[in-house]
Amino acid sequence: MTNTDQLRRQLGLGANEGLELAYELQLENSDVGLGFAATRSLWEELVDLPHWQELSLGAPVGLFAWEEQSGVYRLWLGAAGELRVLSGAWRQVDERVWHIDARQEEVTVRASLDSGDDLVLLLGRTECQFFRIASLVEVPALDSLTGDLHSETWLRAEYQLLAASPSVVDRVAAVGLTLRLWQPTSAETRRQLVRDTLVAESPLLQRVRQWAAGLSPALCGRCALATMEDAEALEDVLAAIDTVVEQGDEAVRRLATHIALERDRLESIVAVLAVRGDIPYEQGALDRLDEQASLLLSQLSSAGVEHPLLERAGEVEPFAWWGAVASP
Amino acid sequence: MTRASHKISDQTRNWFFERDARAYSALSDFSTEAARRCGAGPDAEDLAQALLLDLTLKRDAGMLRLHSTAEFEGYLVISLRRRHISLWRRHGQRRAEGEVDSVASAVDAPDAALDRREHLELYVQIMHHALEQAGVVAATRSVVRRIFDRYVLCRDIESVLMESRLLGPDATSEQRVQERNNENRRQSRARATLTDALHELLRATEASTAMCWLNAGSRRIPFNTEDVRHALRLAMSLGRCEKAAHTAPKDEQ
């Protein structure tokens with residue numbers, strides 16, 4: 001499929017517009033209807049033979065795949081807004097319905113909804129991807145959050161990685177990570193800060209609170225939704241750990257590290273939402289993930305996970321499983 | 001240090017959540033003392049201050065969800081133990097990277113006891129290595145980890161069992177006794193496996209003229225025959241002072 005850079009160019013996105021992959025699915029390759037499709041035009045066949053299978057994208061655009069043949073789709077715009085097919089073969093059936101032929105080349109569709117959602121669908125013969133376009137939030141430099149106090153090397157590296165991400169949610173996670181896990185490296189500064197925080201709120205917390213107050217409710221809603229979706233996806237990854245055992249210790253270690261780091265990233269998003277006073281409305285997805293992880297705790301703990309971020313998480317959140325797996 | 005600093009009172013916990021400055025000295029004393037019991041030396045106070053800094057920030061950010069004083073105390077103790085271990089892990093890593101001179105920096109809050117602990121960490125790594133070389137199953141390795149928790153870190157057997165979810169917090173006294181006995185049997189078998197594995201590693205090390213290495217995650221750490229002998233001695237000593245290990249704080253033994 002078209003890579004993200006090509007897609008960004010095709011969409012003409014500016015530097016401050018992020019393109020987030022929200023969902024992707026693989027379809028079976030089917031050519032059952034190829035014979036009779038050749039006798040009439042595809043568009044005529046589609047009007048007469050509506051055997052569609054709904055593909056759930058979790059988007060306000062309905063997507064259906066023709067059961068007879070891979071790469072043929074029906075799109076339904078279920079919300080107020082505009083839908084444009086930017087490239088590929090297509091026919092508009094009525095005001096809200098389009099037929100798409102992605103058998104030969106990929107089709108790119110952009111839907112700009114009145115709700116403010118800006119979506120892109122990339123449809124291929126056996127693959128579909130659904131992206132969200134979002135204005136990227138400006139993330140402060142790490143030093144401005146910490147008041148120019150020194151940060152650990154690993155934190156600086158993780159912060160830069162997340163803060164430069166094309167995903168808005170990752171950028172929010174960068175600030176949350178700092179709030180949760182940053183500490184000055186100097187013992188004297190730590191002592192001074194403890195004395196200060198006895199009578200006043202931590203300067204770091206004040207700066208994060210101020211930054212988080214500037215986030216739009218829509219963006220925070222998306223962060224909460226992304227946290228839920230990522231937690232559910234991570235639950236599936238966690239379930240796969242048993243099958244990875246056959247691939248050896250190193251594969252298990254890599255997977256366990258990935259799962260723990262991902263869970264920690266979700267915690268960073270939740271931290272920013274909590275500072276704003278927004279309780280993530282789908283905390284349940286995180287609870288389910290944590291419950292499943294706790295059942296696999298001994299397996300995860302013996303995987304040999306080592307990461308400074310997770311060790312630090314283990315210090316700050318001693319009851320959290322993702323810190324415990326990297327801590328003795 | 002008085003015995004009172006071995007416990008956190010409900011009052012202290014309330015003061016802390018009410019942002020009453022009186023909580024500070026009680027928490028500071030408790031945490032410094034708990035860090036010492038984890039084995040920290042002069043850096044115990046710094047470990048405690050670092051913990052208090054995290055704690056106040058989490059509280060003010062609404063991220064601290066501790067429902068009882070016991071949970072609060074557990075949070076402090078586990079967190080301090082992890083901080084202390086992280087400290088000597090970082091030291092061990094620098095040693096493996098040949099940066100021994102840079103250890104005594106303000107960043108690491110150097111502990112006078114680090115040299116001893118540094119060796120202890122190496123011996124624990126050698127034990128893990130020996131078990132791995134002997135192809136010992138993961139379940140036994142988990143038991144060995146609990147042996148280290150109990151005897152190297154001097155933790156109470158029940159809290160180790162609870163952390164490993166082998167004992168529920170609501171267990172009756174009969175169930176506790178039963179689980180302690182089960183664990184003692186498991187640890188006894190695991191200790192025998194561990195010493196066998198170390199004897200085997202010692203034989204292999206003595207027979208080899210090449211430098212020996214062990215993998216600790218992404219790092220490779222060198223070791224020699226003498227290190228394996230020390231590790232074996234340490235392994236054979238684990239469990240001998242069981243009573244002392246969990247009936248009195250370390251500084252009072």
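The structure displayed is predicted, hence computed values, not measured ones. Every chain is numbered from 1, with letters handed out A, B, ... down the list of sequences. All heavy atoms count here, side chains included; hydrogens, waters and symmetry mates do not.
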* Structure fact -> Interatomic distance, CD@Glu315(A) vs CG@Leu51(B), rounded to 0.5 Å, equals 9.5 Å
* Looking at CG of Leu57(B) and CG of Leu181(A), how far apart are the two atoms once the value is rounded to the nearest 0.5 Å? -> 10.5 Å
* For the atom pair CD (Glu132(B)) and CG (Asp249(A)), what is the distance rounded to the nearest 0.5 Å? -> 6.5 Å
* chain A: which of Thr56(B), Leu53(B), Leu80(B) shares the most heavy-atom pairs with it under 4.5 Å? -> Leu53(B)
* How far apart are the closest heavy atoms of Pro318(A) and Tyr75(B), and which atoms are they? -> CD-CE1, 3.3 Å
* Does any heavy atom of chain B fall under 4.5 Å from the side chain of Glu267(A), the backbone, both, or neither of them? -> side chain
* Asked: Rounded to the nearest 0.5 Å, how far does CZ of Arg312(A) lie from CZ of Arg83(B)?
  -> 5.5 Å
* Distance, nearest 0.5 Å, that separates CZ of Arg195(A) from CD of Gln49(B) -> 8.0 Å
* Structure fact -> Whatever's closer than 4.5 Å to a heavy atom in chain B on Leu204(A) counts as side chain
* Glu45(B)/Arg191(A) under side chain to side chain contact (heavy atoms under 4.5 Å, CB included): CA gap, chis, key distance, verdict -> CA-CA 10 Å; Glu45(B) 195 190 333; Arg191(A) 264 186 217 106; 4.1 Å; yes
* Structure fact -> In terms of heavy-atom pairs under 4.5 Å with chain A, the winner among Asp54(B), Leu76(B), Val77(B), Ile78(B) is Asp54(B)
* Asked: Is Asp60(B) salt-bridged to Arg209(A), cutoff N-O under 4.0 Å?
  -> no
* Structure fact -> Honestly, the part of Pro308(A) sitting under 4.5 Å from a heavy atom of chain B is neither
